[in-house]
2 protein chains.
Amino acid sequence: MNSDFPIALHILGFLTARGGGPLTSEEMARTYGTNPVVVRRVQSKLSKAGLITSKRGVGGGSVLARRPEEITLRNAYEAVSPEPDILPRHPTSCDEVVPIVVGEFVNEICRDAESALLEQLETVTVKEMDRTVRRRIRKALNASRESRKRKAAS
Amino acid sequence: MNSDFPIALHILGFLTARGGGPLTSEEMARTYGTNPVVVRRVQSKLSKAGLITSKRGVGGGSVLARRPEEITLRNAYEAVSPEPDILPRHPTSCDEVVPIVVGEFVNEICRDAESALLEQLETVTVKEMDRTVRRRIRKALNASRESRKRKAAS
DNA sequence: TTATTTGTAACTGAAAGTGATACATATAAT
DNA sequence: ATTATATGTATCACTTTCAGTTACAAATAA
């Protein structure tokens with residue numbers, strides 16, 4: 001799996017946290033520690049899937065196309081990897097029957113696994129992800145504040 | 001996912017079909033349409049996991065270390081990919097809190113998916129796979145015989 | 001008209017994977 | 001013992017994939 005899915009969730013989470021105002025690929029890339037074009041490539045896919053809308057020019061950027069409680073992580077996954085993604089590679093193709101049948105058997109197993117993943121992703125909305133991530137960020141920040149306090153006290 | 005898992009299932013299925021006699025990497029590679037070394041690399045992992053035993057020298061090769069109904073596809077999967085395999089990549093690491101937390105969140109989701117895959121693989125034995133694959137091979141061969149017959153008749 | 005931002009194409013460098021060659025090690029047969 | 005065979009690995013070459021970058025066209029607000 002490439003990094004499009006994490007980037008997509010980051011974009012959606014970021015837009016949710018912002019709550020309305022448009023965000024540029026530049027800003028999101030800075031926070032994520034990557035290049036704006038990398039973000040835009042994913043942005044573009046999310047746009048085509050109807051999850052966000054993007055506007056060019058001054059004051060442009062992206063906003064959510066639906067409310068965050070109406071976007072599931074499955075929507076995001078399918079937007080960035082439309083074709084089966086958990087399939088194994090197979091060695092150089094040959095016309096023998098046995099390896100072909102075994103290969104198809106393995107593919108079916110992996111497709112089932114991907115279906116299970118999709119069903120699970122469908123139960124989580126971007127809104128819920130946002131809440132979870134925020135909670136953890138608070139915890140992480142508190143922890144680092146605590147450790148600084150301990151250091152200062154010692 | 002790399003092609004080790006399909007190759008592992010091919011090896012195990014092949015040894016099951018043979019039913020006792022040792023098979024060389026040379027023979028299996030020929031049927032699979034790949035290089036003997038590629039097969040041996042997977043053989044080696046299956047050996048270390050205790051699923052097959054391999055012997056060097058004249059008359060050597062590999063045999064199943066247990067009965068095929070006592071080897072699950074999960075055993076094969078874990079033998080060839082010990083570490084989580086469905087994880088997404090992440091862009092260049094940075095020390096910001098947000099991308100780290102989002103990245104961990106995504107990793108957890110994918111680990112859950114892999115757990116589901118493993119549980120499913122656990123319910124299928126090499127013996128059962130062998131039966132399924134054999135049945136399909138017979139069907140495929142019959143189909144091609146039928147089509148030859150139709151051609152001959154026309 | 002100008003500044004800004006998306007949308008893409010094209011290129012580079014790095015990483016992973018498959019396949020191949022080579023050779024050491026083990027083992028059975030002679 | 002010697003020889004032939006097969007595994008076990010190291011190493012290299014080739015391909016593919018991906019992240020990151022540069023460059024530029026198209027759109028849009030000021």
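Just so it is clear: chains get the letters A, B, ... in the order the sequence lines come, proteins before strands, and each one is counted from 1. Because the structure is a prediction, the values reported are computed rather than measured. Below, each value reflects all heavy atoms present in this structure, side chains not excepted, and no hydrogens, waters or symmetry copies.
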Closest to the B:Arg40 side chain, choosing from C:dT18, D:dT7, D:dT21: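 Of all the options, the side chain of B:Arg40 is nearest to D:dT7.
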To the nearest angstrom, how far is [X] atom [atom1] from [N] atom [atom2]?
X	N	atom1	atom2	answer
A:His90	D:dT16	NE2	P	17 Å
B:Ile7	C:dG17	CD1	C1'	11 Å
A:Asn35	C:dT8	CG	P	17 Å
B:Asp4	C:dT18	CG	P	6 Å
B:Asp85	C:dG17	CG	C1'	13 Å
B:Lys45	D:dT9	NZ	P	12 Å
B:Glu83	C:dA16	CD	P	11 Å
A:Leu87	D:dT17	CG	C1'	16 Å

Pick the nucleotide of DNA chain D nearest each of B:Arg89 and B:Met28; which residue has the one closer to the 5' end?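 Closer to the 5' end of DNA chain D: B:Met28.
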For B:Ser25 and A:Thr34, find the nucleotide of DNA chain D closest to each by heavy atoms; which residue's nucleotide sits nearer the 5' end?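 Taking each residue's closest nucleotide, the earlier one in sequence belongs to B:Ser25.
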Does B:Arg67, at its CZ atom, have more than 12 non-hydrogen atoms belonging to other residues, nucleotides or ligands within less than 6.0 Å?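 Counting neighbours around CZ of B:Arg67, 12 or fewer heavy atoms of other residues, nucleotides or ligands fall under 6.0 Å, so no.
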Before giving the answer on salt bridge (Lys or Arg N to Asp or Glu O under 4.0 Å), spell out for B:Glu27 and B:Arg30 the whole-Å C-alpha distance, their side-chain angles and the decisive distance to 0.1 Å. CA-CA 5 Å; B:Glu27 294 176 84; B:Arg30 203 173 334 111; 5.7 Å; no
In the structure I gave you, are the side-chain heavy atoms of A:Cys110 and B:Met1 within less than 4.5 Å of one another anywhere?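 A side-chain contact under 4.5 Å exists here.
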Quick check: does any side chain N or O of A:Thr16 sit under 3.5 Å from a backbone N or O of A:Leu12, one acting as donor and the other as acceptor?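 Indeed, once roles are kept as given, a pair shorter than 3.5 Å links the two residues.
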Under 3.5 Å, side chain of A:Glu128 to main-chain N/O of A:Thr125, donor-acceptor pair present?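 Side chain of A:Glu128 to backbone of A:Thr125, a donor-acceptor pair under 3.5 Å: yes, one is there.
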Within residues 46-59 of chain B, which residues have any heavy atom lying less than 4.0 Å from an atom of DNA chain D?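 Heavy-atom cutoff 4.0 Å gives B:Lys48, B:Ser54, B:Lys55, B:Arg56, B:Gly57, B:Val58.
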Dump the pairs, protein N or O against N or O of nucleotides 10-15 of chain C, anything under 3.5 Å, distances to one decimal.
residue	atom	partner	partner atom	Å
C:dA10	N6	A:Arg41	NH1	3.3

Shortest non-hydrogen contact from B:Val98 to A:His10?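 Closest heavy-atom pair between B:Val98 and A:His10: CG1-CE1, 3.6 Å.
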Exercise: identify the closest heavy-atom pair between A:Glu119 and A:Arg74: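 Smallest interatomic distance, heavy atoms only, reads N-NH1, 4.3 Å.
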Check every strand shown and say whether B:Asn2 touches a base, only sugar-phosphate, or nothing at a heavy-atom separation below 4.0 Å.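 The answer is sugar-phosphate, as B:Asn2 gets under 4.0 Å only of primed atoms, P, OP1 or OP2.
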When all nucleic acid strands are considered with a 4.0 Å heavy-atom cut-off, which category describes B:Ser3: base, sugar-phosphate, or nothing?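 Since only primed, P, OP1 and OP2 atoms lie under 4.0 Å of B:Ser3, the category is sugar-phosphate.
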Partner of B:Ser62 under side chain to side chain donor-acceptor pair (under 3.5 Å), chosen from B:Gln43, B:Arg40, B:Arg18: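 Considering B:Gln43, B:Arg40, B:Arg18, a side chain to side chain donor-acceptor pair (under 3.5 Å) with B:Ser62 is found only for B:Gln43.
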For residues 42-88 of chain B, pull every pair meeting ring-ring contact (aromatic ring centres under 6.0 Å, His included), keeping only residues two or more places apart or in separate chains.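 Found B:Phe5-B:Tyr77.
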